Amino acid sequence: METLSGDTSGDIITPYDEAGVADAVRAALADAKTLEIAGRGTLRGLGRPIQTARTLDLSQFSGVTLYEPEELVLSARPGTPRGEIEEMLAARGQMLAFEPADLGPLLGGAPCAGTLGGLFAANLAGPRRISHGAVRDHALGARAVSGRAEPFKSGGRVVKNVTGYDLPRLLCGSFGTLAVLTEITLKVLPRPPVEASLLVGGLAPARAAEAMSAAMGSSCEVSGAAYLPEPVAARLPGVAAGTAAFRLEGVSPSVRARREMLAAVLAPFGACAVIEEEASAALWRAVRDAAPFWGTGERAVWRISTKPTAGPQLAADLARDLGAETYCDWAGGLVWALMPGTDSHADAVRAALAPHGGHATLIRAAASERARVPVFQPEAPTLAALAARVKDSFDPARVLNPGRMHAGV
């Protein structure tokens, strides 16, 4: 196998295998240099801006290393395009059940251009999180190289695996600050053959929260629940202001039966409109990828996680007090907010969130704004100390993506 082959000119290092990654980290340690861990760069604008001496480009470290459809297991290298993986799974009637968000267009890039490594490092699950969990909940195993230049592996390639510490879940969502991923193993699931969505329009925030709570508390097995007030609703075809949307998936007889059940549950909130198949899929792609906020320049965008019952009212408060455009996913537990300008209003956003609990992440803003305010939710002192100790365990010299999540870490 080739090691450190590809483009190694200047300060860009392009490895093709795990040994090449370890050599790159080892060289950075020897030269007291820092490394930016990058794939295709679709999520480069997410997180704090960083300045590093070298770039470790994993875009060519690509390829599926294991796919066993019968065992519902897939392993691939970090540079593998997500589109390639999703097409391969779709051909076998399977999917990444956590429905990963594609934020490339929101951040000024092309759709479906990211990699498995970026998807995993950011832990950005979509609407199906309420029924199938987060990205890390589907992590079975990982291979990686630490900031000490030491290759390691954790987990395995089977769904029932209890070996060692659950490091894959720790690495998921760490934005490349702990280790350089060299292989990721995920659980995959069958793709539902049929989907339909029920829409109830004209709901005020409190009433929408009640409708989503009723739907999620029923036996209808809702796999997506969102609240779409104006002006976001106006940007989505066929969606009325104040719409609560609910998705059902499965085999046709089951979806038909649950559709009738859900319509009865939602009857006190208003009449239900039904959209099916591609129209339904298009709606949930837009919700997943923050499509209503595409093409809005460098206006700041927040992704706020909170209690589902609080989400619609928090969204309304941000719209009223800050002039934000907002909508809710995850049955109200996730609020997307587009600020009126480039100012993130970080203090005001987090003050509005504080009574409800949760965390707010600045998904998009100019580099100067992301350097000025905490991009990720500030940690309590005890958690910050724990995070620093974890960083010291994996990357004591602060070589890997230093400061990407929090200053000094």
Side-chain angles (χ1 to χ4, degrees), residues 69 72 82-83 85-102 111-112 119 124-135 137-138 186-201 208 211-212 214-228 232-233 235-240 243-267 269-292 308 327-334 336:
L72 302 176
R82 64 172 284 169
I85 290 173
E86 289 174 330
E87 287 178 9
M88 183 181 66
L89 292 175
R92 299 299 296 265
Q94 296 182 341
M95 64 177 183
L96 297 173
F98 47 84
E99 200 171 4
D102 181 8
C112 207
L119 176 161
L124 294 173
R128 209 178 282 120
R129 189 191 191 287
I130 59 174
S131 59
H132 287 74
V135 181
D137 296 316
H138 297 256
L186 296 172
K187 174 177 64 179
V188 300
L189 289 179
R191 177 182 297 275
V194 174
E195 77 168 82
S197 294
L198 277 65
L199 312 180
V200 182
M212 289 190 288
M216 297 308 300
S218 73
S219 59
C220 297
E221 299 179 10
V222 172
S223 69
Y227 175 53
L228 308 164
V232 167
R235 301 197 183 109
L236 299 170
V239 176
T243 287
F246 305 91
R247 180 176 60 186
L248 301 172
E249 298 178 296
V251 296
S252 184
S254 173
V255 170
R256 282 199 304 270
R258 287 184 287 127
R259 195 168 85 181
E260 293 177 5
M261 292 168 54
L262 184 57
V265 170
L266 296 174
F269 301 95
C272 290
V274 178
I275 57 175
E276 298 180 287
E277 300 311 323
E278 183 50 39
S280 174
L283 172 63
W284 292 103
R285 281 196 301 270
V287 170
R288 179 194 74 182
D289 299 339
Y327 71 92
C328 299
D329 194 3
W330 297 358
L334 182 68
W336 285 94

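The structure displayed is predicted, hence computed values, not measured ones. The figures here come from the full heavy-atom set of this structure, side chains too, leaving out hydrogens, waters and symmetry mates. Index from 1, following the sequence.
The closest side-chain donor-acceptor pair between Ser197 and Ser280 falls under 3.5 angstrom. Side-chain N/O atoms of Arg247 and Ser223 include a donor and acceptor closer than 3.5 Å.
When all heavy atoms are compared, the tightest approach of Leu236 to Pro292 is CD2-CG, 4.1 Å. In terms of heavy atoms, Val135 sits closest to Leu124 at CG2-N, 3.9 Å. When all heavy atoms of Val287 and Ala226 are compared, the closest pair comes out as CG1-CB, 4.3 Å. When all heavy atoms are compared, the tightest approach of Phe269 to Ala214 is CE1-CB, 4.2 Å. Contact between Gly83 and Cys112 at its shortest, heavy atoms only, is CA-SG, 3.5 Å. Looking at every heavy atom in both residues, Val265 comes nearest to Ser218 through CG2-CB, 4.1 Å.
Interatomic distance, Phe246 CZ to Leu266 CG, rounded to the nearest 0.5 Å: 5.0 Å. Residue Tyr227 holds its OH atom at 15.5 Å from CG of Leu334, rounded to the nearest 0.5 Å. Taken to the nearest 0.5 Å, the CG atom of Leu89 stands 5.5 Å off from the CG atom of Leu96. To the nearest 0.5 angstrom, Leu186 atom CG is 8.0 Å from Leu119 atom CG. Thr243 OG1 to Leu198 CG: the interatomic distance, rounded to the nearest 0.5 Å, is 12.0 Å. Atom CD1 of Ile130 and atom CD of Glu99 lie 9.5 Å apart (nearest 0.5 Å).
The backbone N or O of Asp289 lies less than 3.5 Å from no partner atom in the side chain of Asp102, so there is not a single donor-acceptor pair. Side chain of Arg258 to backbone of Val222: no donor-acceptor contact under 3.5 angstrom is found.
For the salt bridge (Lys or Arg N to Asp or Glu O under 4.0 Å) test, no residue two or more places apart in sequence or in another chain qualifies with Arg191. In this structure Ala97 satisfies the side-chain contact (heavy atoms from CB on, under 4.5 Å) test together with Met95, His132, His138, Leu189, sequence neighbours excluded. Taking the salt bridge (Lys or Arg N to Asp or Glu O under 4.0 Å) definition, one finds that Arg259 meets it with Glu276, sequence neighbours left out. Remark: Arg82 pairs with Glu86 by the salt bridge (Lys or Arg N to Asp or Glu O under 4.0 Å) rule, at least two apart or across chains. Residues satisfying the salt bridge (Lys or Arg N to Asp or Glu O under 4.0 Å) criterion with Glu195, sequence neighbours excluded, are absent altogether. Residues passing the side-chain contact (heavy atoms from CB on, under 4.5 Å) test with Ser219, sequence neighbours excluded: Met261.
With salt bridges taken as basic N to acidic carboxylate O contacts below 4.0 Å, one links Glu278 and Arg285.
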